[in-house]
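Written out below as structure tokens is the structure these notes cover.
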Amino acid sequence: MTSPDEKPEEQETMTMDARKAKMEELRAKMRSSTKANRTSLIEESARAKMTARDAARLDRQRKLAETLRTQAEAEERGEDVERQKNWEWTIEENENWEKKKARKARRADYEFHDDAHAARRRYKKDLDLIKPDLAAYSRQKEVVLGLAPGSLAGSGSNTPSTSSALTSFDPSGGQVVTTAEQRMAAESFYRDANTLLYADNKPTEDAIDRVVGKINRDIDKKGKFSRKRLNEDEGDITYINERNRVFNKKIARYYDKYTSEIRASFERGTAL
């Protein structure tokens with residue numbers, strides 16, 4: 001039999017064992033959480049290192065895999081993949097695609113032919129950047145046609161409606177009577193070779209800013225992509241053309257360390 005004095009010691013021993021087990025359990029949880037945090041940190045770091053180019057490459061690989069899988073499934077069913085793919089396009093989308101391909105083929109000729117060809121290419125590229133102000137155009141056309149303000153801009157089209165016309169009719173002749181303001185607006189809006197109006201356009205500040213921005217972008221682009229390169233300070237001019245300059249630079253790269261003393265003697269006038 002155990003004496004009453006030994007019971008508190010056994011209870012104390014069991015308590016210590018339970019504490020040790022609890023400590024080991026907490027340490028195991030801490031190790032597992034540390035491992036999970038480290039794994040998550042590594043994955044997040046890998047995602048942060050992935051650039052836009054890597055993301056685009058993975059996207060292309062995914063699309064290629066889907067295309068190959070679709071082709072394999074279509075071949076198993078005996079279907080034409082291209083014909084099935086073309087069913088997804090409308091007639092308008094197909095026409096736009098053909099126009100885009102033809103336009104790309106026309107612009108694929110980057111060689112210089114003459115000044116007129118280069119000017120036309122430049123003009124076509126500038127047209128892509130032009131965004132016409134349709135709202136201002138509609139307001140000018142409303143004044144010319146004698147329509148109510150906002151009739152063309154609000155409808156989103158340049159086709160006038162009969163209910164919004166403000167032109168008056170002559171009861172005797174049944175002809176449209178236009179005011180002097182409308183005639184001046186029409187003469188200014190529809191100009192031809194016989195028009196005497198000129199230099200009366202007052203561009204807005206936004207239009208001026210667009211022109212200045214376009215000029216600055218062209219200057220920056222020309223400075224970056226021009227074939228003419230500004231030569232660094234090389235001292236005396238020892239070449240007669242660009243090809244000779246490059247050749248002399250290559251020669252100097254290998255032989256300057258041997259001829260520096262001779263050249264210095266020639267410059268001092270002490271050469272033998």
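For clarity, every value in this text was computed on a predicted model and none was experimentally measured. Note that these values count all heavy atoms, side chains included, but never hydrogens, waters or copies made by symmetry.
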What distance separates Thr15 OG1 from Lys22 NZ, expressed to the nearest 0.5 Å? 14.5 Å
With sequence neighbours left out, which residue pairs that include part of residues 112-124 fulfil the side chain to side chain donor-acceptor pair (under 3.5 Å) condition? Asp109-His113, Arg122-Asp218
So with a 6.0 Å cut-off around CD1 of Ile91, is the heavy-atom count from everything else above 12? no
Basic-acidic side-chain contact under 4.0 Å: Lys99, Glu95: no
Walk me through whether Lys104 and Lys100 qualify under side chain to side chain contact (heavy atoms under 4.5 Å, CB included). CA-CA 6 Å; Lys104 186 176 181 180; Lys100 186 176 180 180; 5.7 Å; no
More than 12 foreign heavy atoms under 6.0 Å from CZ of Arg38: is that the case here? no
With a sphere of 6.0 Å drawn around CD of Glu205, does it hold more than 12 non-hydrogen atoms of other residues, nucleotides or ligands? no
Taking the side chain as everything from C-beta on, heavy atoms only, tell me whether Arg245 gets closer than 4.5 Å to Ile240. no
Are any non-hydrogen side-chain atoms of Met23 and Arg19 less than 4.5 angstrom apart? no
Return yes when atom OH of Tyr190 has more than 12 non-hydrogen atoms of other residues, nucleotides or ligands closer than 6.0 Å, and no otherwise. yes
Within a radius of less than 6.0 Å around CD of Glu66, do more than 12 heavy atoms belonging to other residues, nucleotides or ligands occur? yes
Taking a hydrophobic cluster as the set of Ile, Leu, Val, Met, Phe, Trp and Tyr residues connected by side-chain heavy atoms closer than 4.5 Å, whether directly or through intermediates, do Val246 and Tyr254 fall within one such cluster? no
Glu98, CD atom: more than 12 neighbouring heavy atoms under 6.0 Å: yes
Can you tell if the side chain of Arg60 reaches within under 4.5 Å of the side chain of Lys63, non-hydrogen atoms only? no
Mind checking what makes side-chain hydrogen bond (donor to acceptor under 3.5 Å, both in side chains) contact with Arg243, not counting sequence neighbours? none
Hydrophobic cluster identity match, Tyr258 and Ile251, side-chain contacts under 4.5 Å: yes
Flag, side chain of Thr259 to backbone of Ile262, donor-acceptor distance under 3.5 Å: no
Donor-acceptor under 3.5 Å (Ser40 side chain, Ala36 main chain): no
Spacing of Asp80 atom CG and Glu75 atom CD [to the nearest 0.5 Å]: 10.0 Å
Full working for salt bridge (charged side-chain N to carboxylate O under 4.0 Å, His left out) between Glu24 and Lys20: CA-CA 6 Å; Glu24 291 297 331; Lys20 290 181 179 180; over 6 Å; no
Determine, for Arg62 against Asp59, whether the closest basic-nitrogen to carboxylate-oxygen distance falls under 4.0 angstrom. yes
For the student: nearest non-hydrogen atoms of Tyr239 and Asn244, plus distance: CA-OD1, 3.0 Å
Inter-residue atom distance Met30.CE - Arg27.CZ, 0.5 Å rounding: 7.5 Å
Kindly compute the distance separating CG (Asp133) from CZ (Arg139), expressed to the nearest 0.5 Å. 6.5 Å
